[in-house]
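The structure under discussion appears below in the form of structure tokens.
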There are 2 protein chains.
Amino acid sequence: MKLTSKGRYAVMALADLANFNKTGPVPLRDISIRQGISLFYLEQIFLKLKKHNIVQSTRGSGGGYVLFKNADDLKLSEIFSAVDEKVKTINCKRESKKGCNGKASKCITHNLWDELELHINTFFNQKKLSDLVSKKDTQIR
Amino acid sequence: MKLTSKGRYAVMALADLANFNKTGPVPLRDISIRQGISLFYLEQIFLKLKKHNIVQSTRGSGGGYVLFKNADDLKLSEIFSAVDEKVKTINCKRESKKGCNGKASKCITHNLWDELELHINTFFNQKKLSDLVSKKDTQIR
DNA sequence: TATATACCCGAGTAAAATAGTCAAGATTAA
DNA sequence: TTAATCTTGACTATTTTACTCGGGTATATA
């Protein structure tokens, strides 16, 4: 099981953004430098974040990104799903003979993955972006 | 985030084993056929399960595998860790400038991954192999 | 003892996913 | 106008995953 860099970077970048966007749009270049993430990669990530209404952009000189809503309204689950970080890529449905179609013939572990998905989603639904910022030992550096 | 096939297969195979090993060792070929998993792949998986004392083997004709302990003593977390299914492959420690060494300079999301790891481990520590067998709609098929 | 059954183990490989790069363009503040 | 900045699609290298293969060793049983 793993979380990809994309999801991690998205959270890091947004936390950075939350700390710096009180004074206006934050350009990706700044985030790139502060968080040590490739600018090109950040661009990809923010495109997705924008499409999912997590950030807003301003073009041109002096432009950059700002959060679309308050950090304490932004669930981490929204962030992960925006960048295609799926909680559940387990799929029991093998097309072959013994496939699990989720109905009549559930495979033996089917319910397990359902429960796990629920468990993890609960975690990420409770966590807000604001939980990550302005804490002593998790401060921006 | 995802769980790999290896972890899923391990759980499926062991659940199958739990259902059939009352009458002696179960050969992998039977599990392979019943669960629709490649025999060669199962061999790899069971090698690891054996090294971690989750199953015992009997060689030769009439041989096969049996569970090392009772299904209600076997945590799913043990199974996953035996087949290298890591709950946390997030690592904040990028060697570069902005690395997170887990001590003085924790990265902004460090605590988050710690909490998540704990959350998921809790889930898998509570779940036992016996929770998967002998239930109506998750029955062996 | 011969034979078939089954585990043991290391190595190799193809496909997919991930992480990251790049180029060319559009928009806007100063 | 110019520099800063987002926008977009395509491309590539690396890593991981899933699976295969070949040649063993051990053991029951006929």
Side-chain angles (χ1 to χ4, degrees), chain A residues 1-10 12-13 17 20-21 23-33 35-52 54-66 68 80 83-86 88-91 94-96, chain B residues 1-10 12-13 17 20-21 24-33 35-52 54-66 68 80 83-86 88-92 94-96:
Chain A
M1 177 180 314
K2 67 177 184 184
L3 285 162
T4 66
S5 281
K6 195 171 274 185
R8 186 168 84 248
Y9 288 166
M12 289 170 71
L17 194 54
F20 285 90
N21 73 351
T23 54
V26 180
L28 289 188
R29 208 173 62 84
D30 290 4
I31 298 178
S32 165
I33 291 170
Q35 301 297 328
I37 305 169
S38 150
L39 174 60
F40 292 128
Y41 206 22
L42 274 182
E43 287 182 345
Q44 277 195 14
I45 293 170
F46 272 73
L47 213 63
K48 295 189 175 194
L49 293 176
K50 191 191 171 182
K51 272 184 189 149
H52 287 81
I54 290 175
V55 294
Q56 273 179 316
S57 64
T58 315
R59 281 182 161 195
S61 183
Y65 288 95
V66 292
F68 193 83
F80 285 126
V83 296
D84 297 324
E85 191 85 86
K86 294 180 195 68
K88 184 186 190 182
T89 60
I90 289 278
N91 52 346
R94 300 195 308 287
E95 316 306 333
S96 58
Chain B
M1 178 179 311
K2 66 177 185 184
L3 284 161
T4 65
S5 282
K6 193 172 274 185
R8 185 167 86 250
Y9 287 166
M12 289 170 70
L17 194 55
F20 286 89
N21 72 353
V26 180
L28 289 189
R29 207 173 67 84
D30 290 4
I31 299 178
S32 165
I33 291 168
Q35 301 297 328
I37 306 169
S38 149
L39 176 59
F40 291 127
Y41 205 23
L42 273 182
E43 286 184 346
Q44 278 192 13
I45 292 169
F46 272 73
L47 215 62
K48 294 188 176 194
L49 293 176
K50 192 190 170 184
K51 273 184 189 149
H52 287 81
I54 290 176
V55 295
Q56 272 179 316
S57 66
T58 317
R59 282 181 159 196
S61 183
Y65 288 95
V66 292
F68 193 83
F80 284 127
V83 297
D84 296 323
E85 191 85 86
K86 293 179 195 68
K88 184 186 189 182
T89 60
I90 289 278
N91 52 345
C92 310
R94 303 194 306 289
E95 314 306 333
S96 57

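Within every chain, numbering begins at 1; the chains are lettered A, B, ... in the order of the sequence lines, protein sequences first and strands thereafter.
Closest approach of A:V66 and A:P25 over heavy atoms only: CG1-CA, 3.6 Å.
Considering only side-chain N and O atoms, A:S38 lies under 4.0 angstrom from the phosphate OP1 or OP2 of C:dT21. OP1 or OP2 of D:dC19 has at least one side-chain nitrogen or oxygen of B:Y9 nearer than 4.0 Å.
When rounded to the nearest whole Å, the span between CD1 of B:I45 and P of D:dC19 equals 9 Å. Put simply, NZ on B:K48 is 12 Å from P on C:dG10, counting in whole angstrom units. Per the geometry, CG belonging to A:L47 stands 18 Å off P belonging to C:dA19, to the nearest Å. If you measure from atom CD1 of B:I31 to atom C1' of C:dA6, you get 13 Å, rounded to the nearest angstrom. Atom CD1 in B:I54 sits about 17 Å away from atom P in C:dC7, given to the nearest Å. At whole-Å resolution of the value, OH in B:Y41 and C1' in C:dG10 are 16 Å apart. We find that CG of B:L42 is positioned 11 Å from P of D:dT20, with the value rounded to whole Å. Rounded to whole Å, the distance from OH on B:Y65 to P on D:dT27 is 14 Å.
Considering only the side chain of B:L28, C:dC7 comes nearest among C:dC7, C:dT21, D:dC19. In this structure, the nucleotide among C:dG20, D:dC19, D:dT5 sitting nearest to the side chain of A:R29 is D:dT5. Distances were taken from every side-chain heavy atom of A:S5 (C-beta onward) to each of D:dC19, C:dA19, D:dC6; the shortest belongs to C:dA19.
For the atom pair CG of B:L17 and CD of B:Q35, the computed distance is 10.5 Å after rounding to the nearest 0.5 Å. Here CG of B:L47 is found 8.5 Å from CD of B:E43. Values are rounded to the nearest 0.5 Å. With rounding to the nearest 0.5 angstrom, the CZ atom of B:F46 is 4.0 Å from the CD1 atom of B:I31.
With sequence neighbours excluded, the residues satisfying side-chain contact (heavy atoms from CB on, under 4.5 Å) with B:K50 are B:V55, B:S57.
At the heavy-atom level, A:F46 lies nowhere under 4.0 Å from the strands shown. Using a 4.0 Å heavy-atom cutoff across all strands shown, A:V26 reaches sugar-phosphate atoms only and no base atom.
Not a single donor-acceptor pair, N or O on each side, falls under 3.5 Å between the base of C:dT18 and the side chain of A:Q44.
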Check against side chain to side chain contact (heavy atoms under 4.5 Å, CB included), B:Y41 and B:Q44: CA-CA 5 Å; B:Y41 205 23; B:Q44 278 192 13; 3.9 Å; yes
Nucleic acid footprint by protein, nucleotides 23-30 of chain C - heavy-atom cut-off 4.0 Å, B for base, S for sugar-phosphate alone: ---BBBB-
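Within the 3.5 Å criterion, the main-chain N or O of B:S38 finds no donor-acceptor partner in the side chain of B:S32.
Nearest-nucleotide positions on DNA chain C place B:L39 closer to the 5' end than the other of A:K6 and B:L39.
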